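Everything numeric here is computed off the predicted structure, so don't read it as measured data. Position 1 is the first residue of the sequence; numbering continues from there. These numbers come from the heavy atoms of this one structure, side chains and all, not from hydrogens, waters or symmetry mates.
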Amino acid sequence: TGSGDYHYRYQLPKEIIDMNLNEGDEIPRGMILLWDNLSNTIIDDVILKWDDQHMSKFSIEWLKQRSFRRENQVKYLEENYRPSKIAWNSTTVTNIIKYYNYEEVMKSELTLYNWMVDLATNGVVFIKGIPHDEMHACEKLANKIGYLRKTHYGEEFEIANKPLISNLVYSSGALQLHTDLSYYEHTFGTTMLHCISEADGNGGFSLLSDGLYHVEKLRKENKAAFDILSKVEVNWFDKGVHQGYDFHSIFRCPIIRLDVNGNFDKLYLTVTQRDSYFSSDSKDIKEWYKAFKHLLNNFNADTFKFKLKSGK
């Protein structure tokens, strides 16, 4: 149907254009589906003619790639937005741990890309071979892929035993499993640690545990605990003095943060920086503490323990 030298047609899957036109149907105002009748050839394109006479042309392949079929959307997001994450525990962590050479990451774009993909997929990756005299390896590597973000501790800061501390990270005592910077609304996507001098003696071990694994395990095994930890807001804070400047940061967020689709997005878990003010409904507090203890026990019972060497 149609008139003149152009006719409209509909030969696309409904997921691409939800507009099933029959003969005699009125085409929505503002656009016309066209083909060239003069050459008497089939054009594998959709051509739109707007009220202002502007013409837009879209290939069928282009439209298929942008269809509303879920499998197409998932494929696009995994290839162009974020790769699928791999959950791991203390038993399977050796399957995902990878080591990269510092000089190769800094010089090879392909190696840098592979390192970033592994980091996004597994949540942790190691780099070795950092020169002993290189004191700003984290800054140089960060500038290869983005930029350093400032905190009230600065952009880079040295973790060492210091007097008159305002944060337990500067003490010689053991640190609990934790996530960094829970008191910031916009937490960093990546934290880089450079071991300049390894600890002597029997101490100095590091612990890793996968937040994705334990959050999804909790969702499966104890949905009530998962729900309360993903709904009740917690006051996270950091207060003290650093290099002569006072700071006091506060942020409120549940321990488990979900995205708009209910998928796990981020974990906020720093026991030492949970405020003594708990500004939530009192009817939720008892069950929250039960759920909190359950999650902490799961983390502490399933950790990857290792000791960093200088240059990693």
Side-chain angles (χ1 to χ4, degrees), residues 81-82 85 87 120 123-124 146-155 157 159 165-171 173 175-193 207-243 245-300 303:
Y81 181 50
R82 292 176 179 173
K85 298 177 181 178
V124 59
Y147 56 91
L148 290 176
R149 293 178 59 182
K150 284 187 177 182
T151 72
H152 44 249
Y153 296 105
E155 290 183 342
F157 55 93
I159 300 174
I165 62 172
S166 58
N167 192 302
L168 288 177
V169 73
Y170 297 120
S171 72
L175 293 176
Q176 294 174 311
L177 284 169
H178 64 278
T179 58
D180 286 333
L181 307 172
S182 296
Y183 41 81
Y184 279 120
E185 180 173 2
H186 301 290
T187 56
F188 304 163
T190 301
T191 299
M192 297 182 180
L193 300 176
L207 300 175
L208 285 178
S209 195
D210 184 22
L212 173 62
Y213 173 82
H214 286 291
V215 166
E216 294 303 334
K217 182 173 184 287
L218 184 69
R219 191 202 300 254
K220 181 179 180 180
E221 297 179 353
N222 192 334
K223 186 61 163 55
F226 172 88
D227 287 342
I228 199 165
L229 292 180
S230 61
K231 293 177 181 177
V232 174
E233 289 191 312
V234 179
N235 295 19
W236 306 103
F237 87 110
D238 195 26
K239 184 178 181 180
V241 180
H242 182 71
Q243 295 182 348
Y245 292 94
D246 295 337
F247 58 83
H248 189 183
S249 298
I250 303 175
F251 177 59
R252 283 171 49 76
C253 184
I255 285 179
I256 300 171
R257 193 175 78 180
L258 306 177
D259 63 18
V260 295
N261 297 314
N263 299 316
F264 173 60
D265 180 54
K266 192 177 289 290
L267 184 73
Y268 293 80
L269 187 61
T270 312
V271 174
T272 58
Q273 288 169 325
R274 188 172 65 83
D275 203 337
S276 57
Y277 288 94
F278 202 161
S279 310
S280 295
D281 196 323
S282 59
K283 67 179 178 63
D284 295 325
I285 302 305
K286 186 176 181 179
E287 293 303 315
W288 183 92
Y289 272 106
K290 289 182 180 178
F292 182 48
K293 182 179 180 180
H294 184 94
L295 182 63
L296 279 180
N297 287 342
N298 284 350
F299 271 110
N300 291 324
T303 60

Whether Y184 and F188 hold their rings parallel, tilted or perpendicular, with breakpoints at 30° and 60°: parallel
Parallel, tilted or perpendicular: rings of F278 and W288 (30°, 60°): perpendicular
Worked check of side chain to side chain contact (heavy atoms under 4.5 Å, CB included) between D281 and V232: CA-CA 8 Å; D281 196 323; V232 174; over 6 Å; no
Pairing residues for S280 by the side chain to side chain donor-acceptor pair (under 3.5 Å) criterion, not counting sequence neighbours: none
Restricting to non-hydrogen atoms, name the atom on [X] and the atom on [Y] that form the minimum distance, rounded to 0.1 Å.
X	Y	answer
G211	L267	CA-CD2, 4.2 Å
T303	L177	CG2-CD1, 3.4 Å
A87	D210	CA-OD2, 3.2 Å
R257	E185	NH1-O, 4.3 Å
C253	Y268	SG-CE1, 3.5 Å
H186	R149	O-NH2, 3.1 Å

Side chain to side chain contact (heavy atoms under 4.5 Å, CB included) assessment of R274 paired with W236: CA-CA 5 Å; R274 188 172 65 83; W236 306 103; 3.8 Å; yes
[atom1]-[atom2] distance between [X] and [Y], expressed to the nearest 0.5 angstrom:
X	Y	atom1	atom2	result
L295	L218	CG	CG	5.5 Å
H214	N300	NE2	CG	9.0 Å
K239	D246	NZ	CG	9.0 Å
K231	D284	NZ	CG	9.5 Å
D180	T187	CG	OG1	9.5 Å
H294	E221	NE2	CD	6.0 Å

State, with a plain yes or no, whether a side-chain heavy atom of [X] is found less than 4.5 Å away from one of [Y].
X	Y	result
F299	L269	yes
K223	D227	yes
D265	L258	no

Steps toward side chain to side chain contact (heavy atoms under 4.5 Å, CB included) verdict (T151, D238): CA-CA 11 Å; T151 72; D238 195 26; over 6 Å; no
T272-H178 side chain donor-acceptor pair, cut-off 3.5 Å: no
Residue pair L181, Y183: steps toward the side chain to side chain contact (heavy atoms under 4.5 Å, CB included) verdict: CA-CA 5 Å; L181 307 172; Y183 41 81; 3.2 Å; yes
Side-chain donor/acceptor of T270 to backbone N/O of T179, under 3.5 Å: yes
Exam field: side chain N261 to backbone N263, donor-acceptor pair closer than 3.5 Å: no
